[in-house]
*Asks:* 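I'd like to ask you about the structure that follows.
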Amino acid sequence: MCAALLAGACTQPLGLPAASEENVVDTISLWALDGTTLPLPSGYQLVPKGTVRTDRSSSFDFAFDVDTLGRPVFLPTGALGLAVASGFRRETAAFDSIKTAPAGTYITDSAFVIDSGTVATVRSRPVTCSFGATVFYYAKLKILAYDAVDRRVDLQILVNQNCGYRSLQPGVPRS
């Protein structure tokens, strides 16, 4: 088993159960935490993947909002005072060319400013897998559009829901 398993940093997930979840690119929309109607989702959780209403769940990895300067931002859990764990990393590579989530530095405790075209990798809050290891899950995303009037962001996201795997390519990851 990879020595860095607990940090979710295995590039080759030796010793992990075989991957069973297919990596798929989804298109989603999130609405700002402030200034939009309550029933609209503002948050996103990587496991199980999906949008969430932050007023009904504290189990999410980031939320979308508009800061005091009018900029669209993602807020990892630490920036919301929930726990310093989930995070963002700005990428210079194109969305489709990102094959593996980096183990490096993620912004965990402050707003992550975005705009149309922004590409980022995302690290989840720590999650305990069915086989007992606590790891991070990873995703990549690309901002498709920001609508300042509706206070909405549209994005593509690919989440690897296989515990301990860092592959960010479509399909079922292989070790």
*Asks:* Should Y146 and V66 count as side-chain neighbours, where that means a heavy-atom distance under 4.5 Å?
*Replies:*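 The answer is yes; the side chains approach within 4.5 Å.
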*Asks:* Between atom NZ of K142 and atom CD of Q156, what is the distance when rounded to the nearest 0.5 Å?
*Replies:*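 The CD atom of Q156 is 6.5 Å from NZ of K142, to the nearest 0.5 Å.
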*Asks:* Tell me, do L141 and Y44 make a side-chain contact under 4.5 Å, heavy atoms counted?
*Replies:*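 No; the side chains remain at least 4.5 Å from each other.
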*Asks:* Please determine whether residues Y106 and F60 belong to a single hydrophobic cluster, defined as Ile, Leu, Val, Met, Phe, Trp and Tyr linked transitively by side-chain heavy-atom distances below 4.5 Å.
*Replies:*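 No, because Y106 and F60 fall into different hydrophobic clusters, even though each may have its own neighbours under 4.5 Å.
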*Asks:* Considering only distance and modelled atom types, tabulate donor-acceptor pairs under 3.5 Å from the side chains of residues 45-53, sequence neighbours left out.
*Replies:*
residue	atom	partner	partner atom	Å
Q45	NE2	P48	O	2.9
K49	NZ	D26	OD2	2.8
R53	NE	L38	O	3.4
R53	NE	D55	OD1	3.1
R53	NH2	D55	OD2	2.8

*Asks:* Please tabulate, for the side chains in residues 75-87, all donor-acceptor contacts under 3.5 angstrom to protein atoms that are two or more places apart in sequence or on a different chain.
*Replies:*
residue	atom	partner	partner atom	Å
T77	OG1	A83	O	2.8
T77	OG1	S86	OG	2.9
S86	OG	D61	O	2.7
S86	OG	T77	N	2.9

*Asks:* Heavy atoms, side chains only, cut-off 4.5 Å: are L158 and P170 in contact?
*Replies:*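 In contact.
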*Asks:* Working note: E21 + V159, criterion side chain to side chain contact (heavy atoms under 4.5 Å, CB included); need CA distance, chi angles, decisive distance, verdict.
*Replies:* CA-CA 10 Å; E21 298 291 326; V159 179; over 6 Å; no
*Asks:* Distance check, rounded to the nearest 0.5 Å: D96 atom CG versus L168 atom CG?
*Replies:*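 Taking CG in D96 and CG in L168, the distance rounds to 12.0 Å.
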*Asks:* For a 4.5 angstrom cut-off between non-hydrogen side-chain atoms, does I107 reach R90?
*Replies:*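 Sidechains of R90 and I107: no contact.
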*Asks:* Of the non-hydrogen atoms in A19 and P173, which two are nearest, and what is the gap between them?
*Replies:*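 The pair with the smallest heavy-atom distance is CB-O, 3.3 Å.
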*Asks:* Quick one: ring pair (Phe, Tyr, Trp, His ring centres under 6.0 Å) partners of Y137, sequence neighbours excluded?
*Replies:*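 Residues passing ring pair (Phe, Tyr, Trp, His ring centres under 6.0 Å) with Y137: none at all.
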*Asks:* Only distances under 3.5 Å count here; give the side-chain donor-acceptor pairs of residues 28-35 to other protein atoms, sequence neighbours excluded, each with its distance to 0.1 Å.
*Replies:*
residue	atom	partner	partner atom	Å
S29	OG	D154	OD1	2.5

*Asks:* Minimum heavy-atom separation for D147 and V149, please, with both atom names.
*Replies:*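 Looking at all heavy atoms of both residues, the shortest contact is OD1-N, 2.9 Å.
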*Asks:* Throw together a table of side-chain donor-acceptor distances under 3.5 angstrom for residues 109-121, partners on residues two or more places apart or in other chains.
*Replies:*
residue	atom	partner	partner atom	Å
T118	OG1	D115	N	3.0
T118	OG1	D115	O	2.9
T121	OG1	E91	OE2	2.8

*Asks:* So which atom in G164 and which in V135 form the shortest heavy-atom distance, rounded to 0.1 Å?
*Replies:*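 Looks like N-CG2, 3.7 Å.
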*Asks:* Please report the shortest heavy-atom distance between P126 and T134, naming the atom on each side.
*Replies:*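 Between these two residues, the closest heavy atoms are CB-CG2, 3.7 Å.
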*Asks:* Mind checking the NZ-OG spacing from K140 to S97? Nearest 0.5 Å is all I need.
*Replies:*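 So the NZ of K140 and the OG of S97 are separated by 7.5 Å.
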*Asks:* Only one of F64, F62, Y138 passes ring-ring contact (aromatic ring centres under 6.0 Å, His included) with F88; say which it is.
*Replies:*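 Among F64, F62, Y138, the one meeting ring-ring contact (aromatic ring centres under 6.0 Å, His included) with F88 is F62.
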*Asks:* With hydrophobic residues grouped by side-chain heavy-atom distances under 4.5 Å, do Y165 and F131 end up in a single group?
*Replies:*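 Both belong to a single hydrophobic cluster.
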*Asks:* N160: which residues meet the side-chain hydrogen bond (donor to acceptor under 3.5 Å, both in side chains) condition with it, sequence neighbours left out?
*Replies:*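 Checked N160 against side-chain hydrogen bond (donor to acceptor under 3.5 Å, both in side chains); matches are N162.
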